[in-house]
2 protein chains.
Amino acid sequence: MKKDSTQDRIKEVALILFARKGFEGTSLSEIASGVGIKKPSLYAHYKSKEDLFLGVIHKVSVDYNAFFIKTAEELSDRSPEDQLYYLLHKNTGYLRNDELGLIFKRMMLFPPESLRSDIYAMFEKTEDVMRQVIQSILVQMVREEEWEQVFDAYLCLLDGVFEQVFYYSPEEHKKRLENSWSAFIKGVYSREEK
Amino acid sequence: MKKDSTQDRIKEVALILFARKGFEGTSLSEIASGVGIKKPSLYAHYKSKEDLFLGVIHKVSVDYNAFFIKTAEELSDRSPEDQLYYLLHKNTGYLRNDELGLIFKRMMLFPPESLRSDIYAMFEKTEDVMRQVIQSILVQMVREEEWEQVFDAYLCLLDGVFEQVFYYSPEEHKKRLENSWSAFIKGVYSREEK
DNA sequence: AGGACACTACCTACCGTTCGTTAGTTATTA
DNA sequence: TAATAACTAACGAACGGTAGGTAGTGTCCT
């Protein structure tokens, strides 16, 4: 089923190494030896280190967009509150796996200088997707003039929770997620008065 | 007053470069030429690249702890709510300046593999300081059994807001900060009723 | 059917450059 | 005089990348 082409194997290995050690911190020799071939053989598949790297990032960005949309669809029959809650959970879980969150966040925050614009271009789509998905949920639960405020707060929650994935143990992190979520949702519902 | 020793100049230049391009992405030649000396001269002041790097990180961590404590003291005569609000603002402002936030976050999230434990050891103190300062404010405004929940939410807010410093323009970011803050504080105050 | 050709995916060997680092020397300063 | 802080020169190692070669595979032309 899955074409296990060398090209894909290279991408898999490179993803892990780039995620853990960054672009400059990863050498082509390492990648090659992880795949089980010699360094120059990489050039049969990618024409430079940057080319390989951008290939990896492109795959990551496409995968993430697909995941986000798919998850939102799966949840679409729940209440808006539940949708936001599970989206937060699923998103965190997804990004915790497979080095995917690691490389995603690394590239958003600290892209290699020379590739910054290419990387940002790839992730622009991602922001769009997230905005649309979250917007479509929020319009069901808050008044229009409050929409933006709640959206910003939810995105901040998403960012904060995600960042903490790196600091804390899974248990500690789950506790913090639940507490942060409680505070968020209380803030949303207390919004009617005053 | 300020001893403008070469040693300090090296640290300043290194801070900026390490912050922007990371440990592996910054070469000693760059640092030297930024200071205006030749690469081998660096070894009159630091015995290795790692030594220099840890020196920089140490300074960053000490400075940040001092800032956090000083800011909290300056605000201590305000209402607890105001203290939290301005702490959020000041913290964001401080970290935005001088590449300080950049290197701080980079090292928390993506430390160079070989120095991970040294770096984490330095920032342990920071977490302690923050916990103490925030705790001393929170006990004045929420019931004891809710303390932990609000603390987690506030820290998540701090993390989320800080991360967004990198993505958005100052204006956009300020808007998002205010919106996220509003949601947070409403959540805190709506906490009395069931 | 069989040979010439081209293509793919790998190899070994090596290129020039840059890296972090050391040695040895000199000029300034205390 | 002794220490300090700079220098020039050079080191070995590793880097990204190239050249050239070689098996294996399929394809086209008689």
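Residue numbers start from 1 in every chain, and the chains themselves are labelled A, B, ... in the order their sequence lines are given, proteins ahead of strands. Being a predicted model, the structure only gives us computed values, none of them experimental.
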- Fit a plane to each ring of A:Phe162 and A:Phe166, take the angle between them on a 0 to 90° scale, and name the class: parallel (under 30°), tilted (30 to 60°) or perpendicular (over 60°). perpendicular

- Between B:Ile185 and B:Met141, the two heavy atoms sitting closest are CD1-CE, 4.2 Å

- Note on the structure: What one should report as the nearest heavy-atom pair of B:Ser136 and B:Val133 is OG-O, 2.8 Å

- Message: Is it true that B:Asn179 and A:Tyr154 share a donor-acceptor pair across their side chains at a distance under 3.5 Å?
- Response: no

- Give the intermediate values and the outcome of ring pair (Phe, Tyr, Trp, His ring centres under 6.0 Å) for residues A:Tyr46 and A:Phe53. CA-CA 9 Å; A:Tyr46 299 94; A:Phe53 182 77; over 10 Å; no

- Query: Would A:Arg20 and B:Glu113 pass as an ion pair if we require N to O under 4.0 Å?
  - Reply: no

- Any ion pair linking B:Lys175 and B:Glu172 (charged N to carboxylate O, less than 4.0 Å)? yes

- Using a 4.0 Å cut-off on protein heavy atoms (strictly under), produce a 5'-to-3' string for nucleotides 3-18 of chain D with B for base contact, S for backbone-only sugar-phosphate contact, and - for none. ---SBBB-----SBBB

- Message: Does this structure show an ion pair linking A:Glu171 with A:Lys174, if we count only N-O contacts that are shorter than 4.0 Å?
- Response: no

- Go through A:Asp152 and B:Ser180 one step at a time and tell me if the side chain to side chain donor-acceptor pair (under 3.5 Å) criterion holds. CA-CA 6 Å; A:Asp152 286 353; B:Ser180 300; over 6 Å; no

Show me the protein contacts with nucleotides 27-30 of chain C, counting only N or O atoms at under 3.5 Å.
none

- Task: State plainly whether the residues A:Lys105 and A:Glu163 are in salt-bridge range, i.e. N to O under 4.0 Å.
- Result: no

- Message: When the axes are fitted on five pairs at both termini, how much does the helix from C:dA1-D:dT30 to C:dA30-D:dT1 curve, in 10° steps?
- Response: 10°

